Amino acid sequence: VDDKLNGLRVLVVEDEAAISMLLEDMLIDFGCEIVGPAARLSTALDLAGSERFDVAILDVNLAGDSIYPVADALSQRNLPFVFSTGYGGAGIKDPYRDRPVVQKPFGQQELKRTILTALEAHAA
Amino acid sequence: VSDPALQATTVAAALRASEDKLRLAVEATDLGLWDFDIPSGRLVWSDRLKALYGLPPDAEITFDTYVAGLHPDDRDRVLGAYRSALDPAGDGRFGFEHRTVAPDGAVRWVLAAGQVVFDAEGRPVRAIGTSRDITRAKENEEAVRQSEERYRLATDAFQGGVSDHNAVTGHVERTKRHLDLVGETPETLPPTASAWLERIHPDDVPAFIEARRPLLEGDADQYEAEYRVRHRDGRWVWIWHRAKAMRDERRRLTRIVGALLDITERKQGAEAMRESEERFRLATDAFEGGVFDFDLIAGRVARTRRHLEIIGERPESFPATREAWNERIHPDDWPAVVAARQPILDGLSPQFEVEYRVRHRDGRWVWVWQRAMSLRNAEGRLQRIIGALVDITERKQAEEHQRLLLDELNHRVKNTLATVQSIAAQTLKSTPSPQEFAENFVGRLLGLSRTHNLLTRRHWQGAGLEALLDAELAPYADEDRSRFRLQGENVELPARPALTLGLVFHELATNAAKYGAFSRREGRVEVSWRLDSPMGTGQRLRLVWTETGGPPVRPPDRKGFGSRLIERSVAAELAGVVSMEFAPTGLICSLELPIANGAPNESP
């Protein structure tokens, strides 16, 4: 359990079952509560628009769909989020180029740092 | 006639009359007449002869008068010849040309001829003869000599050769220079026109003959031709030949005088230039790109046809200005173009190279690669910029495609690694011993790898459902394919669902090997499936995994990686439904999931 992340509700958007399981396990280790996980864009948009959570982890490519509509919805609600991607940082489009990104595959500490960065940036 | 005196007088009168007649006849022939009585020294000259010496008809003539009238330069020769004629051993004839000098200084040319008469004892008693004025002939002769001298000087001064073809005899006189042109001598080159013609290059003979024909046929009085002639050493010499005809009063050809010049150097220069230009033209034609030549002085740009074809334009209609091209350059690339060529304008670099987009006539953007070099004059002032241009749109597209492929590959690798990471973490959580971890982890990795193999075979376009099941089941049935049965129509799975179902089937197969049908020799697994197309929805795959002959099964105490993965994969990822029935006969697992019909390949 992590002091800073304990008790946070985290929306997980990840289409690959094995990877969403990994994310889920890592986040549960931090003491987080999982919202989702969403594997499809429609599910993700539903959750992003209505569900209560503190931060979101967004897979950039969701079964061929782009994640940006979800990012737009979160920005509208002023909720922090991080991207997870296998494409590298260059794969993130404007206006989200400066958002925190975790590169797959990522370690638990890296995930924590990235989430914290997103939360700090949001608080500031 | 009986009076001898009268008779003598009559004879003398008759004789005088006869002599007068002869004198008149001789005078009429323009001959001067003289008669020298040697013993007495009396000399008689006709009036005409006196005139030749510039003397009046009544002049008294003596031998001294004669000698004085001889031109000083000719005097010794004339007197010598005369003395020789007095020698009785000879025939007494003499003849010579000499000049006379009149008291007023006028000089005349005279041809004198005469005969010395000897008496019975062989003594010269008389010399008679004629003298003819040949001044005019001599002057003509001198004029001819001078003309010939001038001609010789002219032909000597002339760099080339001169030929003089006598049309009547066929003889051709050639100057040394003429023969030198082809390394010949009068001994080696016969003095005929045909000897020359034979040495002309066969390819050039028809044109030469054609050029000469009007002159030979009387339609022209000169011709000019350029042709190659074989030099004695074998090489070809280029000749410029100009000839003039001379004709008689009936316009019959009498002579053809020709002037010939060696123009080999000029020809080779011109030929080299022509070849160079031809090579350049061929090269620019063969070159798939365009070539341009920007003349900064004239402010014009010459562009090859191919250059303008790159943007769908033609030289006939495209302005030969720099601006016309610059306007076509993509605004985003313009700064790069300006930056690239600035050093050449500033004289900091002799060349530049740049890639940019230009607008095609049809509106699309064409990528070009351009390289140019500068030409400066002696003062270093920029005169021309010459360059080449290639359409590299295809290459750019290929590069873009390549980049996308690399991105895709990178993405795939990263995702696979993340999947492997997840498998490792999950396996570690659910296995108490390192041995068991290794076995389960490697088993799962191999399962994943088998699906990758199937997908790679189809370039990641998809995999067949039956092949996927066979790949995952066979290793756990100890490669005994009689222990499982696959039954269903051919279903093609896109890459993404194939990978996920591969993991699911792997979990079901390992589970069967550990706790189910494959843990007993008599155990069997049957997988059957079909595609449904209910109204208003896409195709749905219904698949049933049935185990028989294994030990009795019951639901696991806690959900392991396998069952968690199966549920999550099918339900969340594949938007399907999964049910597990732990029947006493063995596990029955039912899957139902949508199969995108002809959907584009989803990236895993």
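Predicted model only: the values in this text are computed from it and were never measured. Below, read A as the first sequence line, B as the second, and so on, with proteins coming before strands; counting in each chain starts at 1.
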Donor on one side chain, acceptor on other, [X] and [Y], under 3.5 Å:
X	Y	value
B:Glu472	B:Thr451	yes
B:Asn511	B:Tyr476	no
B:Arg444	B:Gln426	no

What part of [X] lies closer than 4.5 angstrom to a heavy atom of chain A: side chain, backbone, both or neither?
X	answer
B:Leu417	both
B:Thr500	neither
B:Glu573	both

* In terms of heavy-atom pairs under 4.5 Å, which option from A:Thr43, A:Leu23, A:Asp25 contacts chain B the most? ->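 The candidate making the most pairs under 4.5 Å is A:Asp25.
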* Among A:Glu14, A:Glu24, A:Met26, which has the most heavy-atom pairs under 4.5 Å with chain B? ->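 That would be A:Glu24.
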* By a 4.5 Å heavy-atom criterion (distance strictly below it), what part of A:Ser20 contacts chain B: side chain, backbone, both, or neither? ->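 It is both, since atoms from each part get that close.
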* Asked: Between A:Gln108 and chain B, which part of the residue has a heavy atom less than 4.5 Å away: side chain, backbone, both or neither?
  ->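 The answer is neither part of A:Gln108.
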* Asked: When you measure from the side chain of A:Asp54 to the backbone N and O of A:Leu8, does any donor-acceptor pair fall under 3.5 Å?
  ->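 A pair under 3.5 Å: no.
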* Sort out for me which of B:Leu574, B:Ile423, B:Leu565, B:Asp407 touches chain A most, counting heavy-atom pairs under 4.5 Å. =>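 Maximum pair count with chain A is reached by B:Leu565.
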* Pi-cation contact, A:Phe53 with A:Arg77 (under 6.0 Å, within 45°) ->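 The answer is yes; both the distance and angle limits are met.
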* May I have the step-by-step check of salt bridge (charged side-chain N to carboxylate O under 4.0 Å, His left out) for B:Arg403 and B:Glu400, ending in yes or no? => CA-CA 5 Å; B:Arg403 199 184 58 73; B:Glu400 176 64 11; 2.9 Å; yes
